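Beneath this line is the structure, given in structure tokens, with notes to follow.
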Amino acid sequence: MDKFIIQGGGRLKGEVTVGGSKNSSLPIMAASLLAEGPSRIKGVPGLADIRHTMALLEELGAEVRRDGDAVDIEVHDEADSHARYDLVRKMRASVCVLGPLLAKRKKARVAMPGGCAIGSRPIDLHLRGLRALGADIQLSGGDVVASAKRLRGASVFLGGPFGSTVLGTANVMMAAALAEGTTVIESAACEPEVADLADYLNAMGARVNGAGTPRVVIDGVESLRGAEHTVIPDRIESGTFMVASAVSNGEVTVKNARMDHMMAVVDKLRQIGAIVETSNGGLEVASARRLEPADVTTQPYPGFPTDLQAQLMTLLCLADGNSVITEKVFPDRFMHVAELLRMGANIRKEGPTAIVTGVRKLVGAPVMASDLRASAALVLAGLVADGQTTVQRVYHIDRGYESIERKFAQLGGDVRRAAE
Ligand code: EPZ
């Protein structure tokens, strides 16, 4: 297991390039199970979660090969439709093979994902959507066992107590692509990753309209062919570097960051006093003064993303006054709070809300990563704290950020990887 040793203090300056979106790549790779013939997905980041997905697709009979930033996928053997617990346990997103397997192979057995550090994470909406398309779904031995002769288009409502579901929308969309007739998903997730998946499905010959809005209409087709597709840039990696620039009073151009995907983040950064501008092929974030506090509520897209809540909390720990952060997507996603307290932050948690009172400085300390984005928040805290911070269990970070230490080094940050 590796850890990061971080010397805090400097302003981050320069240019950094973000990679392709992890959360686009995962369902898009799963969608390749629907195709006849080879697919090539480009811009796929080199992350642990991607390697897990490649291993899962291989278990499911696909030949999967990485070629630079592209991944080639072709299914040769459809006999095995079982996504086993040891892989699903490592990565919840494995659940998005359920829709493609069911639609293409008429059956699927997928281990039920458990909870994780950010909450309980049920999949009831995925199952409800697939049942509406006519799937028979049972639970057996911790697995979801699903079958259907041929799925039938239907009206599906995917709203839940915390908004829609991103991977649930992906699952139903993929299944509906090969269903007989028309499916209408109401209260679909609007995340750009859902629209990206629809673009890939359409390149494969599917007929998906409205993705990126709450109403997606899918006219089922008889078969899909392999296709080539380039995934969108990772908006959460983009946002992480944008927040890093602001909190360090830096001046960073985040290349590939897309303004149209980052509106809520840009709005919040401007509100707290950072300057954000489009700059050739990306977004530039600069700040030269103590930042203002803010009230932030995480929401489904286009609201402020839960995946940047922890990083923004690090920033607000150093703002001039009281901020209120309310988590409306994963109400228990606050594992970073206790670690930030170890670094001298002043945060009080009340249910799904954290009240953050800005302090003059954070102080380096040994801290523990608990999940992907919480870990990123701790790295940001380490970069601006006085003295040395060690972040243990950085395998969490490696799930979602490619070479984050190298990218921070490019900006003048001192983050070294060492064996624990
Ligand atoms: C996706 O997870 C992302 N993962 C998450 O990113 C992200 O935090 C999340 O969407 C929200 O934006 C991938 O894309 C691989 P949801 P997903 O289903 O789809 C509740 C990261 O750090 N819900 O949209 O699993 C759920 O509990 C990760 O990269 C139900 O109640 O999230 C939550 O409160 C972590 N029933 C809310 O909906 C269901 O059947 C949104 O979850 C499904 C979800």
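Atoms within each ligand, like the ligands themselves, are counted from 1 in listed order. Note that the structure is a prediction, hence the values are computed from the model and not measured.
With ligand atoms numbered from 1 in the order given, ligand 1 contributes 24 (O), 38 (O), 41 (C) to contacts under 4.0 Å with heavy atoms of Ser164. Atoms of ligand 1 found under 4.0 Å from any heavy atom of Arg373 (numbered from 1 in listed order, with element): 21 (C), 22 (O), 29 (O). In the vicinity of Lys22, heavy-atom distances shorter than 4.0 Å reach the ligand 1 atoms 21 (C), 29 (O). The atoms of ligand 1 that sit less than 4.0 Å from any heavy atom of Arg92 are 25 (O).
When only interatomic distances are considered, the shortest N/O to N/O separation between Leu372 and ligand 1 does not fall below 3.5 Å.
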| request: Assess whether salt bridge (Lys or Arg N to Asp or Glu O under 4.0 Å) is satisfied between Asp124 and Arg131, documenting all intermediate values. | output: CA-CA 10 Å; Asp124 56 309; Arg131 281 194 177 111; over 6 Å; no
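With a heavy-atom cut-off of 4.0 Å, Glu327 does not touch ligand 1 at all. Only side-chain heavy atoms of Asp307 come within less than 4.0 Å of ligand 1; its backbone N, CA, C and O stay farther off. The parts of Pro122 lying near ligand 1 are both backbone and side chain, judged by heavy-atom distances below 4.0 Å.
Lys268 and Gln271 share a side-chain donor-acceptor pair at under 3.5 Å.
Of all protein heavy atoms, the one closest to atom 2 (O) of ligand 1 is Arg121 NH2, 3.3 Å. Protein heavy atom nearest atom 35 (C) of ligand 1, with residue, atom name and distance: Arg333 NH2, 3.6 Å. The nearest heavy-atom contact from the protein to atom 24 (O) of ligand 1 is Val166 N, 2.8 Å. Nearest protein neighbour of atom 34 (O) of ligand 1, counting heavy atoms only, is Val329 O, 2.5 Å. Of the protein's non-hydrogen atoms, Thr165 OG1, 2.6 Å is the one closest to atom 18 (O) of ligand 1. The nearest heavy-atom contact from the protein to atom 9 (C) of ligand 1 is Phe330 CE1, 3.9 Å. Nearest protein neighbour of atom 12 (O) of ligand 1, counting heavy atoms only, is Thr306 CG2, 3.9 Å. For atom 4 (N) of ligand 1, the closest non-hydrogen atom of the protein is Asn23 ND2, 3.7 Å.
In plain terms, the two heavy atoms of Cys96 and Pro27 that are nearest each other are SG-CA, 3.7 Å.
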